[in-house]
Amino acid sequence: MEVFDGILTDRGSKYAVSGGPAGSRDAALAFLKTLRKRKKFAKATHNTWAVLLPDGPLKNDDGESGAGMVILRMLEREGLEGHIVVVTRWYGGVKLGGDRFRRVQDSVRYYLDHRS
């Protein structure tokens with residue numbers, strides 16, 4: 001599990017991005033459970049995620065409507081299968097509108113550029 005915390009801020013909202021291997025639905029859910037064991041991530045407003053699996057893609061917006069699809073499309077473009085990416089947001093009190101999708105894209109790009 002790789003976690004990049006505090007990578008972006010926008011109008012008070014703070015972002016982190018995490019990822020790691022997940023070859024099945026159960027592995028993806030286990031990854032999320034492990035991430036949420038960290039108190040900070042358990043208290044996050046949104047933990048949106050996506051993973052490409054052999055039997056089809058999985059995604060979850062966790063209340064950030066459309067964010068899972070943004071992550072999924074980026075994973076498809078990269079051809080990154082069997083690897084979950086989670087974008088975490090702590091809401092800062094100001095709605096970001098369409099900019100929230102840019103922040104999700106920025107977070108995923110950061111992960112893809114910096115993962116080992």
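All figures in this text were calculated on a predicted structure; none of them were measured in a lab.
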Go through the side-chain N and O atoms of [X] and [Y] and say whether any donor and acceptor fall under 3.5 Å apart.
| X | Y | value |
| --- | --- | --- |
| Thr88 | Asn47 | yes |
| Glu2 | Ser116 | yes |
| Arg89 | Thr45 | no |

Side chain proximity check, [X] to [Y], heavy atoms < 4.5 angstrom:
| X | Y | result |
| --- | --- | --- |
| Tyr15 | Phe4 | no |
| Arg100 | Ser65 | yes |
| Arg36 | Lys43 | no |
| Arg73 | Met69 | yes |
| Leu112 | Leu80 | yes |
| Thr48 | Ile71 | yes |

Is [X] linked to [Y] within one hydrophobic cluster, defined over Ile, Leu, Val, Met, Phe, Trp and Tyr using a side-chain heavy-atom separation of less than 4.5 Å?
| X | Y | value |
| --- | --- | --- |
| Met74 | Ile7 | yes |
| Leu72 | Tyr110 | yes |
| Met1 | Val87 | no |

Distance-only check: which donor-acceptor pairs under 3.5 Å involve side-chain atoms of residues 26-35, not counting sequence neighbours?
| from | atom 1 | to | atom 2 | distance (Å) |
| --- | --- | --- | --- | --- |
| Thr34 | OG1 | Ala30 | O | 3.0 |

Between [X] and [Y], what is the shortest heavy-atom contact and its length?
| X | Y | answer |
| --- | --- | --- |
| Phe41 | Ala16 | CE2-CB, 3.9 Å |
| Asp10 | Leu96 | O-CD2, 3.7 Å |
| Pro57 | Leu52 | CB-CD2, 3.9 Å |
| Gly68 | Ala50 | O-CB, 3.7 Å |
| Leu8 | Ser107 | CD1-OG, 3.5 Å |
| Lys95 | Arg11 | O-NH1, 4.1 Å |

task = Identify, with sequence neighbours excluded, every residue that meets ring pair (Phe, Tyr, Trp, His ring centres under 6.0 Å) alongside His46.
result = none
request  = Kindly state each residue pair satisfying ring-ring contact (aromatic ring centres under 6.0 Å, His included) with at least one member in residues 57-89, sequence neighbours excluded.
outcome  = His83-Tyr111
query = Between Asp5 and Lys40, does a salt bridge (Lys or Arg N to Asp or Glu O under 4.0 Å) hold up when you go through it step by step?
reply = CA-CA 10 Å; Asp5 193 3; Lys40 181 177 183 178; 2.6 Å; yes
Residues Arg103 and Asp106 bridged, charged N to O under 4.0 Å = yes
note = Rounding to 0.5 Å, atoms NZ (Lys59) and CD1 (Ile84) come to a distance of 13.5 Å
key: Candidate list Val108, Val104, Asp61, test side-chain contact (heavy atoms from CB on, under 4.5 Å), partner Val70, passing option   = Val104
request  = Determine, step by step, whether Glu76 and Glu81 satisfy the side-chain contact (heavy atoms from CB on, under 4.5 Å) criterion, reporting the C-alpha distance in whole Å, the side-chain angles of both residues, the deciding distance to 0.1 Å, and the verdict.
outcome  = CA-CA 8 Å; Glu76 288 171 341; Glu81 294 184 17; over 6 Å; no
